[in-house]
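First comes the structure, then the notes that go with it.
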Amino acid sequence: MAAASPTPSPLLSLRRAAKSYGGVRALRGVDFDLRAGEVHALLGENGAGKSTLIKIITGAHRPDAGEITVAGRTLDGLTPALAQQLGIACIYQSPALFPDLTVAENIGLRLEPAGAMRRVDWGARHRRAAQLLQQVGASIAPAAEVRTLSMPEQQLVEIACAIGAGARIVVMDEPTASLTQREQERLFTVVRELRAAGVGVIYISHRLEEIFALADRVTVLRDGQSVGTHGLNEVTEAGLIKLMVGREVAQIYPPAESAPGEPVLTLRGVGCAASGVHGVSFEVRAGEIFGVAGLVGAGRTELARILFGLTPADAGEITLNRERLAPRSPPEAVARGIAYVPEDRRRHGVVLEMPIAQNMTMAVHRRLFPGGWLRGAAEQGLARDFIRDLAIKTAGPDAPGGSLSGGNQQKVSLARWLATQPRLLILDEPTQGVDVGAKSEIHRIIRQLAKDGLAVIMISSDLPEVLGMSDRIGVMRGGTLTAVLPGGSPAAAVMAAALGQNERPDPA
Amino acid sequence: KLMITMMPKAKGNAYFITCKVGADKAAKELGVELLFDGPTDSNAAKQNEIVENWITLGVDVITVAAENKEGLSTALRKAQKQGIKVITYDADALPDARSFFVNQATPQGIAWGLLDEAARLCGSEGEFAIITATLTAGNQREWLKLIDERLAAKYPKMKLVAVRPSDDLKDKAQSEATALMSANPNLKVIVAICTPGTPGAAEAVKQAGKVGQVKVIGLGLPNENKRYVHEGVTESVMLWNTSDLGYLTVYAAVALARDELKPGAKTFQAGSLGSFEIRGDNILLGQPFIFNKGNIDQFDF
Amino acid sequence: MKRYFREISVTLALGLVLLGLAGFAPAFYQPQPLLSLATREAPTLVVACGMVLVIICRQIDISVGSQFSVCSVCAALLAARGWPLAMVVPASAALGALLGAVNGVLVAGLRLPSIVVTLATMVTLRQGLNLVRQGAFVNLPDSVQWFGLSQAAGQWTLVGAALALLVAFGLAMRHLAAGRWVYAVGTDAEAARLAGIRPQLVTFLVFVLLGALTGLAATMNLVQSPQVQPMVGAGLELKVIAAVVVGGVAISGGRGNLWGAFAGLLLLACVSPALTHLHIEAYWEKAIQGAIILLAVVADGVRQRKQKF
Amino acid sequence: MNASGSHSAGWKSVVLRYETLLFVVLVAEWFFFYHYGTTTNRRGTVVGFGTLDRQFDILRHSCEIGLLALALTPVILTAGIDLSVGSLLGLCAILFGKLWHDGGLSIPAAAALTLVAGALGGGLNATLITRLRLPPLIVTLGTYSLFRGLAEAITHGAVTYTDFPAGFLFFGQERWLGLPTQAWLFALVAAAIWLLVHRTTWGRAFRTIGFSPEGARYAGLPVERRVAQVYVLAGLIAALAALIYTARLGQAKADAGTGYELFAITAVVLGGTSIFGGRGSVTGTLLGVAAIAVLKNGLACLPVVIRLNAAEEMSGLLTGALLLLALTGSVLPKLWSSFRSRHRRT
Ligand SMILES: Nc1ncnc2c1ncn2[C@@H]1O[C@H](COP(=O)(O)OP(=O)(O)OP(=O)(O)O)[C@@H](O)[C@H]1O
Ligand SMILES: Nc1ncnc2c1ncn2[C@@H]1O[C@H](COP(=O)(O)OP(=O)(O)OP(=O)(O)O)[C@@H](O)[C@H]1O
Ligand SMILES: [Mg+2]
Ligand SMILES: [Mg+2]
């Protein structure tokens with residue numbers, strides 16, 4: 001356990017922290033400490049307890065047992081307010097912002113002092129917001145309502161809040177999950193600046209290359225227990241993976257095997273004024289994985305929403321298996337054999353309150369329940385099969401979707417659409433926030449589906465994933481498809497297309 | 001002990017509370033038990049339910065002020081079938097659903113009385129307006145119809161500019177009267193044909209500073225209106241002695257239960273109030289009474 | 001501008017109605033009747049101020065009508081016993097605050113849905129009052145009328161007080177941290193908690209505040225007449241909620257403001273006198289009010305639909 | 001009992017427990033009133049709660065509110081609300097009376113048209129809610145005024161339609177096969193709604209939408225159509241309730257069904273259906289309706305209450321209290337466990 005920096009007493013330490021949700025033991029006695037001026041990565045499979053651990057640190061959840069010490073003070077009832085006073089700031093996996101309020105106000109509410117009868121200085125709020133946003137390199141208007149921002153933009157607002165709070169401890173729970181390369185680089189710069197200023201950063205990510213690029217030490221969690229803290233210079237990627245999953249996992253992408261067949265989906269000049277997409281033309285063949293890359297806000301999700309009938313197209317022509325396709329609503333799209341695994345799984349992918357089994361059969365009501373009469377046995381059978389096939393970690397088919405960790409929720413969402421036996425599968429960020437073990441599992445499944453003759457569109461901000469998995473790569477920029485590259489193209493080519501011909505990737 | 005029940009149109013209405021005072025007195029004199037219950041707001045369906053309650057309870061006589069002629073009649077007929085005597089008071093049901101109707105005053109007596117008083121105040125010409133309880137109340141419709149007919153026949157120069165409902169709420173009556181006055185600057189008289197309407201309209205006139213310019217008359221209890229009558233806002237209020245109405249009703253109910261009152265009788269003796277005329281199956285309380293500055297202080301109900 | 005579309009459109013609608021009245025029924029504009037109208041609506045406005053806060057906080061209170069009745073009767077009984085108004089008014093507000101606190105504890109403390117909680121307290125309070133009082137009126141002593149002032153002075157006092165409260169709350173909601181907290185909690189209670197705000201406390205307090213304002217409004221109504229009917233607040237909740245909603249306060253919390261609610265209240269308050277002035281029969285009133293509520297929200301719905309997709 | 005209606009083994013047992021509890025309360029209530037509310041009157045006949053007549057009256061009186069509660073159950077399951085059902089009942093009663101009396105239609109034809117009108121009224125709610133994405137609370141607050149206002153406008157508030165033929169009144173005032181006629185209709189509707197909610201994919205969709213409308217949309221469920229159907233169904237049932245109401249009272253008047261929506265919502269919520277949507281059952285609603293009806297009618301039979309002349313107020317008061325108790329009871333276990341965990345730590 002070589003120390004990366006010689007600071008003697010830790011900024012924060014956690015002893016024997018334990019937490020259960022009902023019957024699920026999310027943490028079972030974890031020790032953890034954070035020093036000033038270090039980036040401490042937290043690593044573990046989906047459901048290992050990372051998010052739970054940081055919720056304890058930020059006071060969002062009370063631990064069932066254990067103690068927290070911050071700057072030498074042992075704290076008993078840590079609340080979010082107290083944590084804030086102590087200089088702990090957090091960027092949650094899903095941003096905890098106020099969608100109806102403006103960006104400036106969101107930042108203001110977090111950073112301003114507590115007095116209830118204090119006068120609000122709107123001018124100062126806006127100036128401060130503008131300055132902080134500039135600091136994280138975001139071009140967001142302080143007067144914009146947060147609901148109008150995209151997910152990554154919201155994350156940048158969160159980061160601006162943390163910086164503004166002058167936090168001495170900054171927690172980031174998968175901040176890059178929906179960021180693209182460029183934003184990621186900007187984020188790294190910010191993190192390094194924080195470290196240089198003596199701030200302790202807890203950094204959670206499933207992307208190992210990020211951790212190696214950024215972190216000083218890493219703590220690995222497995223099944224709610226810490227399996228060790230290491231300096232990054234002492235471990236290898238393979239070693240970390242083994243610690244995480246307790247076995248060896250090859251992080252290679254499964255190779256394309258079959259030659260693509262007939263065109264399944266053809267788009268010609270497709271656009272939708274309302275969602276800012278225009279003039280998209282490409283085709284996807286049976287047995288082909290068509291990767292879609294692009295920067296944040298390039299319109300990839302919007303394109304998927306058009307194909308799924310959520311925002312019907314108002315220009316161009318779409319054909320599916322040589323028949324005209326113009327879905328005006330998701331049910332129509334589903335009836336035509338289109339499946340869409342959305343990027344925001346907590347809001348769209350699974351219904352958190354409903355059992356896993358019901359989540360999985362949601363899109364196959366017609367086939368599974370002829371005449372509209374529910375059949376419990378058929379449903380349970382289907383769910384059990386998928387739980388087994390996709391290795392979903394759960395108490396059983398009747399456990400509510402919300403009790404699963406992010407990665408397992410993603411698998412449930414995937415299962416729902418595989419159950420429809422679609423002709424075209426659209427995956428939006430399929431492995432966002434999914435641990436390496438599950439990730440390669442999902443990659444294997446996708447490849448297998450393609451091999452069975454399914455046409456797959458895979459939208460991803462994870463460049464290695466797009467490069468490794470795709471047979472062809474479409475690149476989107478500013479709401480339109482700017483290039484289609486062959487699979488295995490160099491990363492630089494994809495980036496160049498995503499940024500526009502004349503621009504070069506920003507090295508910062 | 002006989003069990004007599006009495007149902008008002010709405011329990012909280014001061015009019016019926018005064019009725020109950022007389023009824024209680026009669027019940028005590030006669031040594032019978034009196035149940036007094038009704039909906040808190042005028043509602044035919046609730047009246048129905050309460051009558052059904054009483055039927056299963058096996059009371060001896062049911063007396064009701066029917067919110068609505070037809071609505072209650074089925075339930076009342078059912079009561080009669082079970083051997084329970086039925087009397088209506090204040091507002092009648094269908095004739096075959098009850099034995100007697102204790103009539104406080106003929107509709108004509110009320111409607112014409114009010115209109116004639118209004119005509120006197122405005123010199124038989126000019127605009128006037130009416131405030132009613134609810135648009136749906138049966139007796140109010142009947143009075144309105146009679147007023148319309150007499151207006152056409154006798155006072156061609158008088159103009160009825162509006163009929164506005166007060167929902168039997170004084171506050172609403174006040175708002176309505178305020179609007180009526182500003183919408184009809186030449187308004188001379190406001191006639192309220194429900195008891196909460198009269199003080200409500202008077203208050204509105206007073207607030208609008210139109211005392212003397214717009215006169216208020218209507219049905220009303222003396223206590224509610226004393227102040228306005230003395231201030232000269234309200235010219236006069238008309239009402240029968242409601243306490244006597246309750247008293248008479250209970251006496252008639254008991255007499256009916258004891259077979260002392262039979263169809264076809266011409267007169268009826270009601271304790272300390274003496275003798276009343278029976279016309280057909282209507283027991284008549286007498287003429288409505290006009291309360292004005294001179295006599296209103298002699299009454300306390 | 002876009003943000004305040006709803007407030008602006010309601011104000012425009014109000015302007016249209018007022019203009020129409022000026023054209024077809026100029027008699028509507030007479031100082032004394034208008035002052036009377038304003039006086040009658042002043043208590044409603046005070047309740048509406050509190051309701052705006054509660055709805056912005058993503059809650060609702062349908063028990064205000066019953067609270068209003070209970071406070072009116074209790075205040076009237078106190079006044080009839082000879083309490084001076086200077087004590088009756090705070091006592092009524094305190095009683096209202098207490099009733100609001102009951103709702104607040106149930107909603108904020110036990111995290112029960114406010115619509116159901118206040119449905120239950122609405123029925124309980126109303127029937128409890130009926131049970132105890134059997135619908136009896138309360139006669140008030142003369143000294144209570146218009147606070148013992150002259151009538152005109154009393155009317156101006158009431159209208160002035162209501163407007164002052166409106167302005168105070170309007171400014172506080174925009175410029176005080178506490179006001180912004182109400183918006184924050186209504187937008188996302190969990191995010192508010194993470195930002196160091198105590199959402200349960202804020203929720204509790206808005207209910208208490210609404211209760212206190214309702215108690216205050218009850219006394220503002222009390223001084224206008226020599227008698228109090230126990231049914232006095234019946235239907236107040238729907239009137240206030242309709243006004244607030246027509247004024248653009250989103251039932252889903254976090255959006256809207258007092259100025260919009262004020263315009264909404266004026267719009268709905270004008271319907272009944274406008275009908276009288278235009279000589280339209282009274283039985284159209286409810287239908288027209290329903291149509292106005294629907295039109296207001298439909299206009300908003302059409303706009304949002306256009307904007308979104 | 002309702003395997004498909006519940007969400008997990010744990011959750012199922014909670015519902016089961018709540019419904020069982022409610023059932024126990026209902027039975028206890030019934031026996032209490034049976035014991036204290038049955039008396040022998042002066043003429044020697046047994047009267048009060050314990051008589052068969054009385055029980056039939058309870059059934060008769062709860063049919064309309066029961067129907068509205070059944071109509072509201074799917075609505076509330078989708079996290080919606082319909083405040084307009086009481087007003088729609090009034091409007092439909094008036095339309096029925098007008099069609100028959102003024103329109104010269106036969107009773108069956110008028111009834112059929114009334115049902116259509118009810119569905120159209122529900123359709124108006126449905127259109128505004130689904131097409132314009134407006135909150136149901138507000139839309140139905142508007143139609144609550146609108147429907148009642150139309151009823152008043154049509155009749156000028158004054159006309160009351162009466163003198164319906166005996167064949168029609170049979171549905172509201174007579175018995176068929178031993179039970180009040182309308183009880184059969186009610187049972188039929190209850191069974192249909194139960195099947196719909198607990199045994200079909202429609203019911204499943206209602207719950208899904210109640211939990212997460214966006215989630216349901218992304219799952220390819222026809223969200224708009226299902227939501228619309230729920231409100232149309234509510235309108236249809238409100239029209240049916242209007243017919244039964246008219247047959248029971250023998251009259252159609254503009255104030256029919258005033259305030260019924262609140263009783264119906266109370267019954268649904270008392271029956272354990274969450275106002276936030278998703279959770280709840282038709283069995284619970286039926287128990288809720290029964291608990292309120294028995295309470296109301298039972299109190300009206302208690303000599304003490306009768307002598308206080310306060311049956312109406314007492315039943316209102318106790319219904320409100322029961323609702324608060326049920327709500328509080330439903331969160332107590334959660335509160336207790338969080339309280340305990342807090343104490344274990346310190
Ligand atoms: N609110 C909750 N209720 C019940 N169980 C929960 C809840 N939150 C988390 N869990 C469970 O606790 C365990 C740890 O979850 P946690 O979110 O901490 O995992 P994680 O390491 O952040 O996973 P991921 O990488 O997928 O985000 C999981 O088994 C999860 O199912
Ligand atoms: N109504 C609209 N009008 C104009 N532009 C819109 C509208 N809605 C969304 N956009 C813009 O369309 C762009 C596409 O957003 P989208 O979420 O599809 O991007 P993406 O490429 O999927 O990115 P990611 O998934 O990484 O967030 C964004 O810039 C967004 O701001
Ligand atoms: Mg996590
Ligand atoms: Mg996207």
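Proteins get letters first, then strands, A, B, ... in listed order; numbering begins at 1 in each.
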Under 4.5 Å to a heavy atom of chain D? For A:Thr361 that would be side chain

So, the part of A:Glu332 with a heavy atom under 4.5 Å from chain D: the answer is neither

Please report the C-alpha distance between A:Thr301 and A:Asp428 in whole Å, then the side-chain angles of each, then the deciding distance to 0.1 Å, and finally whether the side-chain hydrogen bond (donor to acceptor under 3.5 Å, both in side chains) criterion is met.
CA-CA 7 Å; A:Thr301 297; A:Asp428 199 349; 2.9 Å; yes

Q | Salt-bridge criterion met for A:Glu379 and D:Arg204 (N-O under 4.0 Å) | A | yes

Contacts satisfying ring-ring contact (aromatic ring centres under 6.0 Å, His included) that involve residues 325-349 of chain A (not counting sequence neighbours) are A:Phe308-A:Tyr340, A:His348-D:Tyr218

Have D:Asn125 and D:Thr143 got a donor and an acceptor in their side chains that come within less than 3.5 Å?
yes

Review point. Does a donor on one side chain and an acceptor on the other come within less than 3.5 Å for D:Ser212 and A:Glu353?
Key: no

Applying salt bridge (Lys or Arg N to Asp or Glu O under 4.0 Å) to A:Glu67 and not counting sequence neighbours gives none

With sequence neighbours left out, the residues meeting salt bridge (Lys or Arg N to Asp or Glu O under 4.0 Å) with A:Arg366 are none

Ranking A:Pro330, A:Gly376, A:Gly372, A:Ala335 by heavy-atom pairs under 4.5 Å to chain D gives rank one to A:Gly372

Filtered by a 4.5 Å non-hydrogen cutoff, the part of residues 219-237 of chain D contacting chain A is D:Ala219, D:Gly220, D:Leu221, D:Pro222

